[in-house]
Protein chains: 2
Amino acid sequence: MKKEDPSCFTCSTRYCCILKNCERQYLEFVDNSKFCMTYRKGQPIIRQGTYIDGVYFISSGVAKVFVNGYRGQPLIISLAKAGSVLGHSTDELGKQQISVTAVEETSVCFIESKEYEDICSRNAGVREDLTKAFQRELNQMHTRMIHLAQLNVREKVAEALLHIVNTYLSEYSKEPFEVNLSRKDIGDLIGVTKEQVSKTMAELKKERIIFVSGRTLQILNYAKLRSIACL
Amino acid sequence: MKKEDPSCFTCSTRYCCILKNCERQYLEFVDNSKFCMTYRKGQPIIRQGTYIDGVYFISSGVAKVFVNGYRGQPLIISLAKAGSVLGHSTDELGKQQISVTAVEETSVCFIESKEYEDICSRNAGVREDLTKAFQRELNQMHTRMIHLAQLNVREKVAEALLHIVNTYLSEYSKEPFEVNLSRKDIGDLIGVTKEQVSKTMAELKKERIIFVSGRTLQILNYAKLRSIACL
DNA sequence: CGGGTTATTGAGGGGCGTCAACAACCGTGG
DNA sequence: CCACGGTTGTTGACGCCCCTCAATAACCCG
């Protein structure tokens, strides 16, 4: 799984929360002490219930972050992409509270807790960025809670599709792309059955708001989709 | 609204996340620079969209933390009690993303951002505790998301009642107590209509799992209630 | 005591989950 | 190359859960 380690200085996520305001000397330190790995489609990166003494940063790819719900139903908490931090969702004892699986080929960098804390304690800027990252994540969870609690299926599916596009395409773009998520996965993002996802997507296709064929997705009318999703 | 300020050293939340591992000299600093206030039942403590340059700590009372959802429907994110931190849910610019309202008489201490950051930068212990507090909050949100996404109304109501008891009574106790939340509020905790809350509570009462009369609540059978709530 | 808010309860209807049958797709092996 | 089994996606029928609406009751505060 090990690959030649890329440099932090030329990383595509050079301006992510941990690297952005890190002083040069510490960045060198990170660069030397990090481990890099690549996971293939479907491979687990983190398993709920295990212990990991460190933090992962995604440098490329897409992964699904999920928890085990009730009656064997998972709930996908979020889709992680380049720049996302993984592994800080632990309980008091450090046990991972979430699972992460690569949705497509995904490269990550691993930094040990000790080093990670060291950098935080010495870099006010990094610390601040990390706090902001936590806040951003909390706000995202609040937004998702509102969606789960108050939207109907059609609205939820629209929102899920926008979430997915946002993960795969850097800017809102109208080009078609390959979604490596099943209908069940999309449903697990929003607490809806795979059948309802299928039906709703067929509906949106008929209305010319999206184009779908298998796992190829294309957004034809962002304005309409956003208005359906109550955004 | 101002009252005589109580001391941090004798605070009932002396062992909360910010005070627990704070070095004595900084605790004195906090003690001197904090502002204390008391809000009456129904009074807003924080309003979504405003700017607050600091953080609140609840020293006593209960408050509801909520966001504005769609179609005028609020969603209650959590119930805050002694030891809870308020005001760190901001967007990039520092705008508050949540509202907080006192559910019963509530006392809070306010610390300015500058001082708060100062303490964090000088106290590794406090910093660690705050990170843990963030993690705990994120995990709680994940759990609530599963509830919102996967439970039916009966299960959700059971869970809401346990959440409420947990807020009002220090230990799981079977004594009756006064809930200063309307049926609508309870519904807004779980994304359910007030009518459904009413009906389900009547059902649970008939089954001798709880006793209710108006806003007086008593849990008669914790085991049963927990099993209904999938906990 | 009366007006306003809150709670209770019932009737009705539709949204959405469940189930099932069928179609499409994919990788494997003959 | 096609055959074939397994997984995934699609579509329809059915029924129940839960939202909506409305009427009545209980409560609170002046």
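- Within a heavy-atom distance below 4.0 Å of DNA chain C, the residues of residues 150-161 of chain A found are A/N152, A/V153.
- Under a 4.0 Å N-O distance rule, the pair A/K41/A/E178 does not qualify as a salt bridge.
- Rounding to whole angstrom units, CD of residue B/Q196 and C1' of D/dC17 are separated by 8 Å.
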For A/R144 and A/L189, what are the C-alpha separation, side-chain angles and deciding distance, and is it a side chain to side chain contact (heavy atoms under 4.5 Å, CB included)? CA-CA 9 Å; A/R144 298 223 46 221; A/L189 260 170; 4.2 Å; yes

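- The backbone N or O of A/V65 lies less than 3.5 Å from no partner atom in the side chain of A/S78, so there is not a single donor-acceptor pair.
- Taking the six-membered ring for Trp and thresholds of 30 and 60 degrees, A/F35 and A/F110 have ring planes inclined between 30 and 60 degrees apart.
- Judged by distance alone, the side chain of B/S99 and the main-chain N or O of B/Q48 form a donor-acceptor pair under 3.5 Å.
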Going through the checks in order, is the side chain to side chain contact (heavy atoms under 4.5 Å, CB included) test met by A/Q135 and A/K132? CA-CA 5 Å; A/Q135 287 175 345; A/K132 278 195 183 143; 4.2 Å; yes

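- Separating the CG atom of B/N180 from the P atom of D/dC27 is a distance of 16 Å, rounded to the nearest angstrom.
- Residues from residues 198-219 of chain B with heavy atoms under 4.0 angstrom of DNA chain C, sorted by number: B/S198, B/K199, B/A202, B/R215.
- With hydrogens and angles ignored, the 3.5 Å screen pairs no side-chain donor or acceptor of B/D53 with any backbone N or O of B/E112.
- A/L181 places its CG atom 10 Å from the P atom of D/dG9, with the value rounded to the nearest Å.
- The separation between B/E195 atom CD and D/dC21 atom P is 10 Å, rounded to whole Å.
- Of the charged side-chain nitrogens involved, at least one lies within less than 4.0 Å of a carboxylate oxygen, so that A/R71 and B/E155 count as a salt-bridged pair.
- In this structure, A/T106 contributes its side chain and A/E104 its backbone to a donor-acceptor pair below 3.5 Å.
- In this structure, A/H88 has its ring center closer than 6.0 angstrom to the ring center of A/F134.
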Could you walk me through whether B/I228 and B/L204 pass the side chain to side chain contact (heavy atoms under 4.5 Å, CB included) check? CA-CA 10 Å; B/I228 293 171; B/L204 294 171; 3.9 Å; yes

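- Near DNA chain C, meaning a heavy atom under 4.0 Å from it, residues 183-192 of chain B has B/R183 in order of number.
- Distance B/Q73 CD to D/dC19 P: 10 Å, rounded to the nearest Å.
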